[in-house]
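Following: one structure in structure tokens, then a few remarks.
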Amino acid sequence: MAQQAYVTETDDGGPGAGRRGDRLRRLWARLTSGWRGDRRIWRRGLVTAAVALLLAAVTAGHARIPNVVGNLGSLVETFLPWFGLLIPVLLVIAVVRRSATALIAVLVPAAVWLHLFGGLLFTKSGGGGDLTVATHNVNADNADPAGTARAVAASGADVVALEELKASAVSTYEKALAPAYRHHAVVGTVGLWSKYPLSGVRAVDLELGWQRAMRATVATPGGPVAFYVAHLPSVRVKLEAGFTARQRDRSADALGEAIRDERVAKVILLGDLNGTMNDRALNAVTAQMRSTQGAAGDGFGFSWPASFPMARIDQILVRGVEPESSWTLPATGSDHLPVAARVRVDTSAS
């Protein structure tokens, strides 16, 4: 009987693997054609390499950029994550220029950026926690305050903070939130709504001359928590004055002092701080608290402007409380996105 031999094409060195290897070699040859034997690959692209190294220096040394002129340091720190967009641009230029020097230089800012922000590319959210909180700058010019209130309540948050409350709209927010939250307090332009009882409600002086911050103790199932709600003054970018944030900075110092003097061990700050966690001008607050987004967030969590979020200036910061997850909520009638977090108040079992 005639015997027939069968050849199976596999990835283990068979004909199929050979053909794939040939294709890869041809692709690599096309990509590297013009590079091999070209002694100028080390002399070309020096300007691109210099720009890449400058980008790395600014990204790594942002804290050393002075605020003396136009608060330049704070301006850079507000949008620091976006500096990463320059890296692929420089990479493309280096490839087009066929510059080995530029390619190697681009690796430096890439490494710096990944060190600072690489962890934010992946979700760190967990499934634990015993308290959900949310905060939203509702915008004084919001055309649908009732709809905005219902949207925030739909998040399921146990405690909700609202900022930029217009006096004429407070009753609308109170009515819309009443079914979900039995307890609430409004101080000036900020308010706190809670499913649990409030006590110790008082204004927090931000040295503004009007009330834009408050504190209250919430009797959560995990124990008492001191809640702070704050709306720091706005900042502006002006050609003649740079990043104008002097009043914001003074208010941040006042808020940091109030939180430092807080006697309740567990503290949660909710609000629009008009600054990011990278901004050294907010150190009086950020140095003593943790960002739920940084510790357990889903991505960068940019919250402003709502139409195209570029910075996270709406913050949830904690002390003595363990962040479990943090995220942004869908857009409302405001120019800010609401942000929420799940935390663990009862840390006795951890």
Checklist entry - side-chain contact (heavy atoms from CB on, under 4.5 Å) between Thr286 and Asn283: does it pass, once the steps are laid out? => result CA-CA 5 Å; Thr286 58; Asn283 279 352; 3.6 Å; yes
Next on the checklist: For a salt bridge (Lys or Arg N to Asp or Glu O under 4.0 Å) check, start with the C-alpha distance between Asp205 and Arg212, then their side-chain angles and the critical distance, and finish with the verdict.
Outcome noted: CA-CA 8 Å; Asp205 184 11; Arg212 287 169 56 125; over 6 Å; no
Checklist entry - Hey, mind stepping through Leu177 and Leu162 against side-chain contact (heavy atoms from CB on, under 4.5 Å) and telling me if it holds? => result CA-CA 11 Å; Leu177 292 170; Leu162 300 182; 3.9 Å; yes
Next on the checklist: Please determine whether salt bridge (Lys or Arg N to Asp or Glu O under 4.0 Å) holds for the pair Glu322 and Lys266, giving the CA-CA distance in whole Å, both sets of side-chain angles, and the decisive distance to 0.1 Å.
Outcome noted: CA-CA 10 Å; Glu322 188 63 29; Lys266 301 177 187 295; over 6 Å; no
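Proximity of Asp249 to Pro233: side-chain heavy atoms (C-beta onward) are nowhere separated by under 4.5 Å. At least one side-chain heavy atom of Leu116 sits under 4.5 Å from a side-chain heavy atom of Val112.
In summary, the aromatic rings of Trp82 and Phe302 are positioned with their centroids under 6.0 Å apart.
Taking every heavy atom of both residues into account, Val321 and Pro323 meet most closely at O-CD, 3.4 Å. The two residues Gly156 and Thr132 have their closest heavy-atom pair at O-CB, 4.2 Å.
Note that the CD atom of Glu262 and the CD atom of Gln288 stand 10.5 Å from one another [nearest 0.5 Å]. Here the OG atom belonging to Ser334 is positioned 8.0 Å from the CG atom belonging to Asp314, to the nearest 0.5 angstrom. Taking CG from Leu114 and CG from Leu120, the interatomic distance works out to 11.0 Å, rounded to the nearest 0.5 Å. Separation of atoms CG (Asp130) and CD (Glu324) is listed at 8.5 Å; rounding is to 0.5 Å. To the nearest 0.5 Å, atoms CD1 (Ile313) and CZ (Arg248) are separated by 9.5 Å. Going from atom CG of Asp298 over to atom OG1 of Thr292 covers 11.5 Å, rounded to the nearest 0.5 Å.
Heavy-atom contacts from other residues, nucleotides or ligands closer than 6.0 Å to CH2 of Trp113 number more than 12.
Under a hydrophobic clustering in which Ile, Leu, Val, Met, Phe, Trp and Tyr are joined whenever their side-chain heavy atoms come within less than 4.5 Å, directly or via other members, Val170 and Met214 fall into different clusters. Residues Ile65 and Phe79 fall within the same hydrophobic cluster, defined by Ile, Leu, Val, Met, Phe, Trp and Tyr side chains chained together at heavy-atom separations under 4.5 Å. The cluster map of Ile, Leu, Val, Met, Phe, Trp and Tyr, joined by side-chain heavy atoms under 4.5 Å apart, puts Leu192 and Val343 in the same cluster. When the side chains of ILVMFWY residues are joined at heavy-atom separations under 4.5 Å, either directly or via intervening members, Val318 and Val218 end up in a single hydrophobic cluster.
His136 and Thr332 form a side-chain donor-acceptor contact under 3.5 Å, judged by distance and modelled atom types alone. Donor-acceptor pairing under 3.5 Å is lacking for the side chains of Thr276 and Arg312.
Clustering of Ile, Leu, Val, Met, Phe, Trp and Tyr by side-chain heavy atoms under 4.5 Å joins Leu255 with Val204, Leu206, Leu208, Trp210, Tyr228, Leu232, Ile259, Val267, Leu269, Leu273, Met277, Leu282, Val285, Met289, Leu317.
The aromatic rings of His336 and Trp304 sit tilted, their planes meeting at an angle between 30° and 60°.
A donor-acceptor pair is defined here as one N or O able to donate and one able to accept, closer than 3.5 Å; no such pair exists between the side chain of Glu207 and the backbone of Gln247. In this structure, the side chain of Ser194 does not engage the main chain of Pro197 through any donor-acceptor pair within 3.5 Å.
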Validation: residues 138-154 side-chain donor-acceptor distances under 3.5 Å, sequence neighbours left out:
from	atom 1	to	atom 2	distance (Å)
Asn139	OD1	Asp141	N	3.1
Asn142	OD1	Asp144	N	2.8
Asn142	ND2	Val138	O	2.9
Asn142	ND2	Thr148	OG1	2.8
Asp144	OD1	Gly147	N	3.0
Thr148	OG1	Asp144	O	3.1

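The side chain to side chain donor-acceptor pair (under 3.5 Å) analysis of residues 156-179, with sequence neighbours excluded, yields the pairs Thr135-Glu163, Asn137-Glu164, Glu174-His184.
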